[in-house]
There are 2 protein chains.
Amino acid sequence: MKHVTGSAAEAAMQAVGDQVGQVFGELFGSRRTKPRASRSGDRLSADRIVEVAIGQMRDRGYDAVTMRSIAKELGTGPASLYAHVANRAELDQLVTGRICAQIRIPDPDPEHWDAQLRQSLVDMLALYREHPGVARCTMGMIPLQPGVLVVSERLIALLKAGGVPDQHCAWFIDVASLYVAGVAIEEDIWRERHLGQDPDEGGTLQHVEQEVVVEQVRNVFANLPAEHFPLLSALAVPMTSGDADDRFGFGVDLLVAGLKALAAQG
Amino acid sequence: MKHVTGSAAEAAMQAVGDQVGQVFGELFGSRRTKPRASRSGDRLSADRIVEVAIGQMRDRGYDAVTMRSIAKELGTGPASLYAHVANRAELDQLVTGRICAQIRIPDPDPEHWDAQLRQSLVDMLALYREHPGVARCTMGMIPLQPGVLVVSERLIALLKAGGVPDQHCAWFIDVASLYVAGVAIEEDIWRERHLGQDPDEGGTLQHVEQEVVVEQVRNVFANLPAEHFPLLSALAVPMTSGDADDRFGFGVDLLVAGLKALAAQG
DNA sequence: ACCTGAACACCGTTCAAGT
DNA sequence: ACCTGAACACCGTTCAAGT
């Protein structure tokens, strides 16, 4: 949240942050704890707490990250965190803000706005995948963190370059954000199921496991009683084919094609 | 899960259930506890546990439903539940199966397959809204519960009536299910934030609260520094306009329009 | 076969007391 | 101003013991 201090951009961002703080306060019933600027190694700060939270989400999964586990890694007790972060909900907000600030969306090229849009959604999923667990923080969030606002701003630029009407721009961002986060969350839940189950790194093992389950699911579909499930049993192969990228690619194509079609028809 | 006993349909469903049980067992590492047929009032059963869980999700919110709270309402301790339900994950599966079994999707009318499809998605959201909290159970779920399979089967019928290619049918069901569940979950998180906050029923109060927050959010957007957020501040009104139904309606239109466009172009 | 009490190893959050 | 120990009121799950 605090990059370089003193610049005009920084001041503007801080102003945004203050306004946002008011809304959050009313939402979560929490007095906003004012952020601290210190960066010295051994003092607690919201920044360090967020950092540890992100790291633990990746290493141990979203559900394993608790106020207590964060405090432990920081060498203190859970109570100490509450001087810098109002509660778990606010921590999730800060985590989302920090990660989304890393998304880079290109300046619009009117010739290729749709390809740029598709690529941006793919990049968003890739970022969530680099930081497993973070997508779960975004559910039900009002996207007011500065990092998230920048993403919206730049997505709108892309959409407007494609001549998308204002109302469609606004609503599309919601739909697309929800879809990307949803896919990331489902992958994440899947990942957590097979996390720690094997003591050695679950990376490739998870991949193999997944293929085994896909095979089993296909068998279930294929062997469904045809008198009750004629279509599902006939479509056993397409229902279970394609990897995560194929499926997500279809979803992205669907959203962008829908956007164009709606704009064209009215 | 068990409607009328002894029919051929019932036997077929049971066969499906057994296969599904195997897959779940490997997924969750749980021995499937065989379902009991008893319906007498005061005995524990998976059915009664699921019933209580659904009721509590509606009354107190998803997060407030715990093994302990369910046990308490059933007049026993949490340990007793584990004779009928393997764990919390399986309970969520059963809850989803029970609720999705209530969805009614019409026989396809080839002239109006797209309107039928849109209406079916609207009905799905309406059902989730009738049973708040249930949508959260569906995240990361492999849709193998009989009730969920029926929904897929009948959605495919609609899609095929519209000439949608097999692979698109399969993937579209995933995207649409995720979107509908995602919208329901976000509404649910919102609802829980304002649940119990006021002792009297939160129904209308929540609605008013929501309008207040929308107004605040619009103000934040409108007052964003124009040099950093020219588009977002200009689009403050469209970004925050429309109620939940308007936004969901747009999402549904987008998905269906996308489906048609993709089918037409390849 | 079904149920249970008690325990284990956890949670988020608060608050009086310290520095 | 910042930090902490201890406590409060909870979790899911297991297991030996009962019926």
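So you know, we letter chains A, B, ... as the sequences are listed, proteins then strands, and number each from 1.
- Put simply, CD on A:E192 is 17 Å from P on D:dG12, counting in whole angstrom units.
- Comparing A:L81 and A:R68, the nucleotide of DNA chain D nearest to each residue sits closer to the 5' end for A:L81.
- Between B:D92 and B:R88, at least one side-chain nitrogen of the basic residue sits less than 4.0 Å from a carboxylate oxygen of the acidic one, meeting the salt-bridge criterion.
- Across all strands shown, C:dC10 forms no Watson-Crick or G-U wobble pair with both key distances under 3.5 Å.
- For B:Y62 and D:dC11, the OH to P distance is 14 Å, given to the nearest whole Å.
- Considering only side-chain N and O atoms, A:S80 lies under 4.0 angstrom from the phosphate OP1 or OP2 of D:dT4.
- A:D188 contributes a side-chain N or O that, together with a main-chain N or O of A:G133, makes up a donor-acceptor pair within less than 3.5 Å.
- For D:dG12, one of the phosphate oxygens OP1 or OP2 lies less than 4.0 angstrom from a side-chain nitrogen or oxygen of B:T66.
- Checking C:dA6, D:dT4, D:dC3 against every side-chain atom of A:R43, the shortest atom distance belongs to D:dC3.
- A salt bridge is absent between B:E186 and B:R136: the closest approach of a Lys/Arg side-chain nitrogen to an acidic carboxylate oxygen does not fall below 4.0 angstrom.
- With hydrogens and angles disregarded, no donor-acceptor distance shorter than 3.5 Å links the side chain of B:Q56 to the backbone of B:V65.
- No close placement of the A:F229 and A:F221 rings is indicated, their centers lying 6.0 Å or farther apart.
- For the pair B:H84 NE2 and C:dT4 P, the interatomic distance rounds to 10 Å; values are reported in whole Å.
- Atom CG of A:L74 is separated from atom P of D:dC2 by 16 Å (rounded to the nearest Å).
- Taking the nucleotide of DNA chain C with the nearest heavy atom to each of A:M67 and B:P78, the more 5' of the two is matched to B:P78.
- Taking atom P in both D:dC10 and C:dA9, one finds a spacing of 22 Å when rounded to whole Å.
- Rounded to a whole Å, the CZ atom of B:R48 is 15 Å from the P atom of C:dC2.
- If you take CD of B:E90 and C1' of D:dG12, they are 15 Å apart, rounded to a whole angstrom.
- Base pairing of C:dC2: its partner is D:dG18, meeting the Watson-Crick or G-U wobble criterion (both donor-acceptor distances under 3.5 Å).
- Listed nucleotides: C:dC15, C:dG12, D:dT13. Nearest to the side chain of A:Y82: C:dG12.
- When rounded to the nearest whole Å, the span between CG of B:L44 and C1' of D:dT19 equals 15 Å.
- Using a 4.0 Å heavy-atom distance criterion, B:R88 is classed as a sugar-phosphate-only contact.
- Listed nucleotides: C:dC15, D:dG12, D:dC15. Nearest to the side chain of A:A79: C:dC15.
- Here D:dC10 presents its P atom at 15 Å from CG of B:D63, a figure rounded to the nearest Å.
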